[in-house]
Amino acid sequence: MRCFFTDYTSVKANMATCTRSLLKVVVGCQRQILTAGCPTYTNNTHASLTAPRQLTVRTFAAVKPKRQDKKKDEKKVKEEKKEKKVIDNTGRHKPFGLTAWAPVDDVYLSRYYPRPAHGAAEAVDLLKSFQHLDLTPPHQAVYIELKLDMKLEKKKKVDTFVSTVHLPHPFKTEVNKVGVFTEDPDQASLALENGAAFAGGADLVQKILDDEVDADFYVAVPDMLPKLVLLKNKLRKKFPKSRRGSVGINIPKMLELFKTGHEYMVEKECYVSTQVGLLDMPKEHVLANIQTVLVDVCTHRPASYGPFIERAIISSQTSEALHFSSEELLPKELQKE
């Protein structure tokens with residue numbers, strides 16, 4: 001019994017010492033908090049109770065968070081979206097995602113097979129046969145649509161252009177109105193003799209601005225260009241330029257080109273859509289007009305960069321579009337280059 005009482009008293013004594021030490025720690029913490037958070041008062045009895053607290057100041061520098069470059073991440077995402085997977089179908093038993101290379105039956109769903117590329121002469125014959133089957137009028141327009149590869153070196157591109165060509169077999173009955181800018185009276189009379197709608201010098205500028213005079217095309221002598229600056233916003237694409245062949249000394253030659261010339265332009269950065277004839281014209285005439293347009297288009301980019309025409313489509317006013325190979329209509333020199 002004595003041993004039990006001695007053990008109990010020792011445990012009680014140990015618990016008392018623990019509680020005393022814990023109270024000392026708590027009291028010390030309270031003192032430190034009060035001294036650090038409350039203002040220090042002097043002997044002045046009128047000290048304000050609302051004095052600002054002296055907050056502790058950190059003596060170490062905070063770690064700067066790593067900023068993620070959002071612009072770089074956005075560029076990477078855009079580049080990943082732009083990079084399209086090029087599927088190589090060479091050596092495959094069928095095209096990727098399609099049923100077969102060619103259909104077996106005469107009637108089939110076109111979306112399951114690749115679109116065939118016809119020869120130019122074959123495509124024109126098919127358009128004529130479509131007209132007989134559909135019972136549509138034979139006197140309808142024939143169009144071609146070209147998709148161009150406008151890329152050059154170092155992320156440069158070919159500038160969009162407007163060109164006028166003289167088709168070997170014109171299909172328009174109307175003659176274009178052409179205005180001539182020249183201050184030489186002899187050149188003006190020569191222009192009027194060759195079919196110009198009007199000819200004159202700087203006096204025509206104000207008349208064109210007031211819509212008193214209008215024409216389909218305008219040609220000018222090189223000396224007149226500085227005096228025609230006010231007409232740039234008015235004429236826009238019709239403004240005379242040396243690239244288009246509307247600026248020169250040989251006025252009769254320019255009039256011959258633009259009176260019966262055929263104009264086409266690049267739209268939506270890389271597409272050319274223009275009329276090349278009528279469906280009731282002979283096949284050879286339509287092919288000659290197509291060849292003239294294709295050769296003129298290929299002159300706007302150096303041949304060293306490869307083929308300029310990526311895709312060629314021909315269609316009539318009421319028929320479906322047909323892919324045709326443009327390489328066979330180009331001269332052999334351009335094909336070799």
Side-chain angles (χ1 to χ4, degrees), residues 75-134 136 142-158 266-274 276-277 279 283-284 286-287 289-291 293-295 297-298 300-337:
K75 286 182 180 179
K76 289 181 180 179
V77 173
K78 288 181 180 179
E79 289 177 357
E80 291 177 356
K81 289 182 179 179
K82 287 182 179 179
E83 290 179 357
K84 295 181 180 180
K85 294 182 180 179
V86 180
I87 300 171
D88 188 9
N89 286 321
T90 55
R92 291 175 59 91
H93 65 283
K94 66 175 184 177
F96 183 79
L98 300 177
T99 303
W101 286 103
V104 180
D105 301 327
D106 296 335
V107 180
Y108 59 92
L109 294 176
S110 59
R111 64 176 179 269
Y112 294 142
Y113 302 93
R115 298 192 67 173
H118 306 279
E122 182 186 358
V124 176
D125 290 334
L126 286 173
L127 292 181
K128 291 180 177 292
S129 65
F130 293 160
Q131 181 266 322
H132 292 293
L133 293 172
D134 298 337
T136 55
V142 178
Y143 302 95
I144 61 170
E145 181 181 330
L146 307 176
K147 183 181 179 182
L148 307 179
D149 183 10
M150 307 288 281
K151 295 180 182 178
L152 294 174
E153 61 180 2
K154 295 181 180 179
K155 297 183 179 180
K156 294 182 180 179
K157 293 184 178 181
V158 180
V266 178
E267 298 176 346
K268 297 180 182 179
E269 296 183 355
C270 64
Y271 292 97
V272 174
S273 181
T274 183
V276 291
L279 196 58
K283 179 177 67 175
E284 293 76 12
V286 178
L287 292 176
N289 290 346
I290 295 173
Q291 185 179 16
V293 175
L294 295 180
V295 172
V297 166
C298 292
H300 289 83
R301 193 181 80 155
S304 59
Y305 289 97
F308 193 24
I309 301 173
E310 289 185 349
R311 186 187 66 196
I313 298 174
I314 186 171
S315 64
S316 65
Q317 198 168 356
T318 59
S319 70
E320 61 176 310
L322 300 173
H323 288 260
F324 71 96
S325 57
S326 60
E327 292 82 4
E328 62 183 27
L329 294 178
L330 296 174
K332 294 182 180 180
E333 297 178 356
L334 290 175
Q335 290 181 10
K336 290 180 181 179
E337 290 179 355

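Note that the structure is predicted; figures quoted are calculated from it, not measured.
Once rounded to the nearest 0.5 Å, the distance linking NE2 of His118 with NE2 of His323 reads 9.0 Å. Note: Leu127 CG to Ser319 OG = 4.5 Å, rounded to the nearest 0.5 Å. Note that CD1 of Ile144 and OG of Ser326 are 9.5 Å apart. Values are rounded to the nearest 0.5 Å. Atom CG in Leu146 sits 8.5 Å away from atom SG in Cys298 (nearest 0.5 Å). In this structure, CG on Leu329 lies 11.5 Å from CG on Asn289, to the nearest 0.5 angstrom. One finds the CZ atom of Phe324 at 13.0 Å from the CG atom of Leu126 (value rounded to the nearest 0.5 Å).
A donor-acceptor pair under 3.5 Å links the side-chain atoms of Glu328 to the main chain of Ala120, judged by distance alone.
Taking Tyr305 as the reference, Leu152, Glu153, Arg301, Pro302 meet the side chain to side chain contact (heavy atoms under 4.5 Å, CB included) condition, with sequence neighbours excluded. Residues forming a ring-ring contact (aromatic ring centres under 6.0 Å, His included) with His300 (at least two apart in sequence, or on another chain): Phe161. Here Glu145 pairs with Arg311 under the salt bridge (Lys or Arg N to Asp or Glu O under 4.0 Å) rule; sequence neighbours left out. The side-chain hydrogen bond (donor to acceptor under 3.5 Å, both in side chains) check on Thr274 picks up His262, with sequence neighbours excluded. The side chain to side chain contact (heavy atoms under 4.5 Å, CB included) test applied to Glu310 returns Lys147, Asp149, not counting sequence neighbours. Take Glu284 and apply the side chain to side chain contact (heavy atoms under 4.5 Å, CB included) test, not counting sequence neighbours, and it matches Pro282. For Asp134, there are no salt bridge (Lys or Arg N to Asp or Glu O under 4.0 Å) partners at least two apart in sequence or on another chain. Partners of Lys283 according to the salt bridge (Lys or Arg N to Asp or Glu O under 4.0 Å) rule, which considers only residues two or more places apart in sequence or in another chain, are Asp125.
Closest heavy-atom contact between Cys270 and Met150: CB-CG, 3.8 Å.
Residues Val286 and Ile290 have side chains in contact (heavy-atom distance under 4.5 Å, counting atoms from C-beta outward).
Each of Ile313, Ile314, Val124 was checked for a side-chain contact (heavy atoms from CB on, under 4.5 Å) with Leu322, and the lone residue meeting it is Ile314.
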Listing, residues 91-112 side-chain donor-acceptor contacts under 3.5 Å, not counting sequence neighbours, or none:
unit_1	atom_1	unit_2	atom_2	d
Arg92	NE	Lys94	O	3.2
Trp101	NE1	Arg92	O	3.2
Trp101	NE1	His93	O	3.4

